[in-house]
Protein chains: 2
Amino acid sequence: MDAVRGHLDGLVLAVLATGPAHGYRLIDLLRERSGGFFELPEGSVYPALHRLERAGLIESGWSAEEGRRRRVYALTAGGRRAVDERRREWRSFSAAVDAIFGTGA
Amino acid sequence: MDAVRGHLDGLVLAVLATGPAHGYRLIDLLRERSGGFFELPEGSVYPALHRLERAGLIESGWSAEEGRRRRVYALTAGGRRAVDERRREWRSFSAAVDAIFGTGA
DNA sequence: AGTCTATGCCTAGGATCTCTTGGTATGGAT
DNA sequence: ATCCATACCAAGAGATCCTAGGCATAGACT
């Protein structure tokens, strides 16, 4: 999934905008909501989560239900603003790329 | 323009699919056809062209008209196939991202 | 004649990001 | 008892884009 490069953070934020989730669950949600397109390895998603937390866009807490340790992430106020920003950027970007590729085969 | 990461090669191929061009002109075409969105520095585009030529997707020749030296690039047969492939990949990818971002603000 | 700007090519190095590969641990099923 | 899914993490490799330079010619302006 090298094509997500530069867009992964926005995607993670967008999923978390629909509710808190832990890393492993997030990978499932990204796959499900993309119609199976995104099959992201843990080695991509976990670093992204740490990055976003360092940036103050998400925050985490440990959940101990069922005895399984899970780090659950949720958007901060800044994160909620960031989602809208990333979505706007994505729309501009994809419109630009669409214009270049045109309506070919 | 860090967002193009991973998609620049496809964009370059798409522009060259509409006719040969030299590097400097390519930068103009990318800006014009994207409605001013893509303002790519030479340091991004020239390496991309060299990459694509090494990969056999484009080929170049020197043009000396007007005394100005220009390296003009054109798609190879493999390059023409690659454009269609890249466009399909882009469509899949952008549909997946759209699905994740949803129809929010 | 000299200078400036636009055109036109190029490269080295830094920064960032994703992926590969490996490790650790628990819970449930066989 | 063993295996697989769940669940977290980190180190290092690889790829790519940008910054910041360098070099050269043509045309315009002073």
Side-chain angles (χ1 to χ4, degrees), chain A residues 1-13 15 20-32 34 37-55 57-73 86 89-90 93 96-97, chain B residues 1-13 15 20-32 34 37-55 57-73 86 89-90 93 96-97:
Chain A
M1 286 315 317
D2 234 343
V4 300
R5 199 169 278 268
H7 303 282
L8 178 56
D9 288 14
L11 295 171
V12 168
L13 291 174
V15 171
H22 63 279
Y24 210 79
R25 174 76 179 130
L26 196 62
I27 291 174
D28 285 340
L29 290 171
L30 282 164
R31 182 176 49 247
E32 292 168 12
S34 67
F37 188 84
F38 290 131
E39 301 260 5
L40 296 166
E42 301 169 33
S44 299
V45 174
Y46 285 117
L49 287 167
H50 301 160
R51 211 158 51 223
L52 290 167
E53 186 161 32
R54 272 200 310 277
L57 301 180
I58 63 179
E59 56 194 359
S60 70
W62 287 99
S63 146
E65 62 181 83
E66 304 165 36
R68 263 222 168 71
R69 88 199 224 278
R70 288 171 178 156
R71 189 188 278 277
V72 177
Y73 292 91
R86 296 297 196 116
E89 287 171 3
W90 163 255
F93 171 70
V97 176
Chain B
M1 283 316 318
D2 233 342
V4 299
R5 200 170 277 268
H7 302 281
L8 179 55
D9 289 13
L11 295 172
V12 168
L13 291 174
V15 171
H22 62 279
Y24 209 80
R25 173 79 179 127
L26 195 63
I27 291 173
D28 285 340
L29 290 170
L30 283 164
R31 182 176 48 246
E32 291 167 13
S34 67
F37 188 85
F38 291 130
E39 302 260 7
L40 296 167
E42 300 169 33
S44 299
V45 174
Y46 285 118
L49 287 168
H50 301 160
R51 211 157 52 221
L52 290 167
E53 186 161 34
R54 273 200 310 277
L57 302 180
I58 62 179
E59 57 194 359
S60 68
W62 286 100
S63 146
E65 61 181 83
E66 304 164 34
R68 264 225 167 69
R69 90 199 224 278
R70 288 172 178 154
R71 188 189 280 276
V72 176
Y73 292 90
R86 295 300 196 113
E89 288 172 2
W90 164 253
F93 171 71
V97 176

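Keep in mind it's a predicted model, so treat the numbers as computed, not measured.
Summarising the geometry, atom CG belonging to Leu13(B) is positioned 12.5 Å from atom OH belonging to Tyr73(B); distances are rounded to the nearest 0.5 Å. To the nearest 0.5 Å, atoms CZ (Phe38(B)) and CG (Leu8(B)) are separated by 8.5 Å.
Nucleotides of DNA chain D nearest to Asp2(A) and Pro47(A) differ in position, and the one nearer the 5' end is that of Pro47(A).
Applying the side-chain hydrogen bond (donor to acceptor under 3.5 Å, both in side chains) test to Ser60(B) and every residue at least two apart in sequence or in another chain returns Glu53(B), Arg71(B). With sequence neighbours excluded, no residue forms a side-chain hydrogen bond (donor to acceptor under 3.5 Å, both in side chains) with Glu32(B).
A sub-4.0 Å separation between OP1 or OP2 of dT6(D) and a side-chain N or O of Arg25(A) is absent. Of the side-chain N and O atoms in His50(A), one or more sit less than 4.0 angstrom from OP1 or OP2 of dA10(D). OP1 and OP2 of dC10(C) both lie 4.0 Å or more from every side-chain N or O belonging to Tyr46(B).
Here the nucleotide nearest the side chain of Pro41(B), chosen from dT11(C), dT19(D), dC17(D), is dT19(D).
Contacts of Arg51(B) with the nucleic acid, taken as non-hydrogen atoms under 4.0 Å apart, involve only primed sugar atoms and P, OP1 or OP2. Arg5(A) comes within contact range of at least one nucleobase, with a heavy-atom separation under 4.0 Å. The residue Gly23(B) sits close only to the backbone: its heavy atoms come under 4.0 Å of sugar-phosphate atoms, none of a base.
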What pairs of nitrogen or oxygen atoms, one from the protein and one from nucleotides 3-7 of chain C, lie under 3.5 Å apart?
none

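Arg71(B) has its CZ atom 20 Å from the P atom of dC23(D), to the nearest Å.
The two residues Pro20(B) and Val72(B) come nearest to each other via the heavy atoms CB-CG1, 3.8 Å.
Phe37(B) and Phe93(A) have tilted rings, their planes meeting at an angle from 30° to 60° on a 0 to 90° scale.
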